[in-house]
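Every value quoted in this text rests on a predicted model; they were computed, and no experiment measured them.
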Amino acid sequence: MEDSVKMAALLTKGLEREGYAVDVAGSGRDAVWMAAENDYDVIVLDIILESGEPPLDGFAVCREIRAADCRTPVLMVTARDSVEDRVHGLDTGADDYLIKPFSLPELLARVRALIRRGPVEWPVMLRVGDLALHPGRHEVDRGGAKIGLTRTEFALLEYLMRHPGDALTRKNLIEHVWDYAFDGDPRILNVYVRSLRGKIDRPFGRATLETVRGIGYRIADDSLGQAAD
C-alpha cells in the first residue's frame, strides 16, 4: 500500500506539471463516490485499492462506476500482466490498461488519447429483435426472460449487438473482446460462441448468433431456425 501511495504522489506531480487538475482517492469507496460526484476527463485507476470498509480493489471500483452509468474514460494501472488480468480489467469497463513499471511520458500519452476520445455515449439499451442488452446495468433478457452471462460472454454479445447484421471477423472479435495483444488459443472464441448460443438462442428456439463461413460471426435480426456451431 505504501508503494501505491508513493506512486499516486509521483503521478499527481507529473500530471499537474502538464497542467491537469488532479484529485486523489484514498480508497476504493472514495473513488466510487468521487467518480459519481465529479465530471472528470479521465480516471487513472490503480488495481490495488485495499483501504476503506468494505475494501474495494480497482476491478470492483471500475465495475461499480460503470454500473452507476459513469462514462468517464478509465486507464487502469497495475503490476498484473497476465492476459487474464487484462481481460478482467477491460471486461469490468476499463478503456485502457497500463502495466507497471511504466514511464510517465507513456502514461501521459495514454491520458491524452483517452481525453481526445472522450466519454463513450452508451445507449440505454441495445436491442436485436426481442433480445435486449443493458450496458449500464450489465443485464440481458429475451422477451423479458433474464439471461445470466459471464463477463466475457456479456462483452462478446455487447460487441456483436453494437454491430447488428455486420459480419465480424474472428480477429476483430478477439481483439475487441479479449485484447489486441491476446496470445492464447484463438479457438477460445468457438467455446464462448457455443456457450452464448446455449443461453441466448437454443432455450428460445432462435438462431440469432450466426456463423458467417470463412469470416466469423454476426447477430442477425431475430432470425429463426437452428443455430450453427
Side-chain angles (χ1 to χ4, degrees), residues 59-60 62-71 73-74 76 83-97 119-182 184-229:
F59 294 132
C62 195
R63 189 180 303 110
E64 286 205 17
I65 65 176
R66 291 304 189 221
D69 204 30
C70 172
R71 305 179 186 185
V74 173
M76 275 193 175
V83 171
E84 291 77 9
D85 283 320
R86 283 180 286 173
V87 169
H88 190 189
L90 296 170
D91 279 351
T92 57
D95 298 275
D96 198 0
Y97 195 98
V120 176
E121 290 300 320
W122 297 342
V124 174
M125 180 177 64
L126 299 173
R127 182 180 289 279
V128 176
D130 63 351
L131 179 64
L133 182 146
H134 308 266
R137 303 207 306 263
H138 211 270
E139 293 177 353
V140 175
D141 67 78
R142 175 145 237 166
K146 299 291 185 183
I147 302 172
L149 300 180
T150 67
R151 287 187 299 270
T152 304
E153 289 169 346
F154 187 92
L156 176 58
L157 181 60
E158 180 178 2
Y159 189 68
L160 286 161
M161 290 183 69
R162 287 186 184 280
H163 303 84
D166 292 347
L168 302 177
T169 66
R170 297 175 61 84
K171 180 175 182 290
N172 185 254
L173 288 166
I174 288 172
E175 288 180 350
H176 283 82
V177 176
W178 277 265
D179 193 327
Y180 73 92
F182 178 74
D185 189 338
R187 289 176 297 182
I188 190 67
L189 179 59
N190 301 24
V191 175
Y192 277 94
V193 166
R194 189 173 298 114
S195 176
L196 197 52
R197 283 173 171 156
K199 294 181 178 182
I200 68 169
D201 277 346
R202 291 194 180 98
F204 303 92
R206 302 295 182 83
T208 309
L209 179 46
E210 296 183 340
T211 297
V212 183
R213 301 296 181 188
I215 299 177
Y217 301 96
R218 72 177 164 214
I219 283 285
D221 189 357
D222 213 14
S223 294
L224 300 176
Q226 181 63 38
D229 286 325

Is the closest side-chain heavy-atom distance between [X] and [Y] below 4.5 Å?
X	Y	value
Arg162	Leu126	yes
Asp166	Arg218	no
Ile219	Leu157	yes
Leu173	Val193	no
Arg142	Thr208	yes
Leu168	Val212	no
Tyr217	Arg170	yes

- Run the side-chain contact (heavy atoms from CB on, under 4.5 Å) check on Leu131 and Asp201 step by step: do they pass? CA-CA 9 Å; Leu131 179 64; Asp201 277 346; 5.8 Å; no
Taking all non-hydrogen atoms of both residues into account, name the closest pair between [X] and [Y] and its distance.
X	Y	result
Cys62	Ala94	SG-N, 3.5 Å
Leu133	Met161	CB-SD, 3.8 Å
Met76	Gly89	SD-CA, 3.7 Å

Supply the atom-to-atom distance [X] [atom1] to [Y] [atom2], rounded to the nearest 0.5 angstrom.
X	Y	atom1	atom2	answer
Leu90	Arg151	CG	CZ	11.5 Å
Leu189	Leu156	CG	CG	6.5 Å
His134	Asp141	NE2	CG	4.5 Å

- Excluding sequence neighbours, so at least two apart, what forms side chain to side chain donor-acceptor pair (under 3.5 Å) with Ser195?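 Side chain to side chain donor-acceptor pair (under 3.5 Å) check on Ser195 returns Glu153.
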- Knowing that exactly one of Ile188, Leu196, Asp91 qualifies, which makes a side chain to side chain contact (heavy atoms under 4.5 Å, CB included) with Thr152?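 Running side chain to side chain contact (heavy atoms under 4.5 Å, CB included) over Ile188, Leu196, Asp91 with Thr152 returns exactly one hit, Asp91.
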- Task: Please identify each residue that fulfils ring pair (Phe, Tyr, Trp, His ring centres under 6.0 Å) with Phe204, with sequence neighbours left out.
- Result: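 Testing Phe204 for ring pair (Phe, Tyr, Trp, His ring centres under 6.0 Å), a comparison that skips the adjacent residues, returns none.
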- Item | Donor-acceptor contact present, side-chain Arg66 to main-chain Cys70, <3.5 Å |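 Side chain of Arg66 to backbone of Cys70, a donor-acceptor pair under 3.5 Å: yes, one is there.
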- Message: Tell me whether Asp95 contacts the main-chain N or O of Val74 through its side chain, where contact means a donor paired with an acceptor under 3.5 Å.
- Response: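 Flag set: sc Asp95 to bb Val74 pair under 3.5 Å.
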- Item | side-chain contact (heavy atoms from CB on, under 4.5 Å) between Lys199 and Val140, worked out | CA-CA 10 Å; Lys199 294 181 178 182; Val140 175; over 6 Å; no
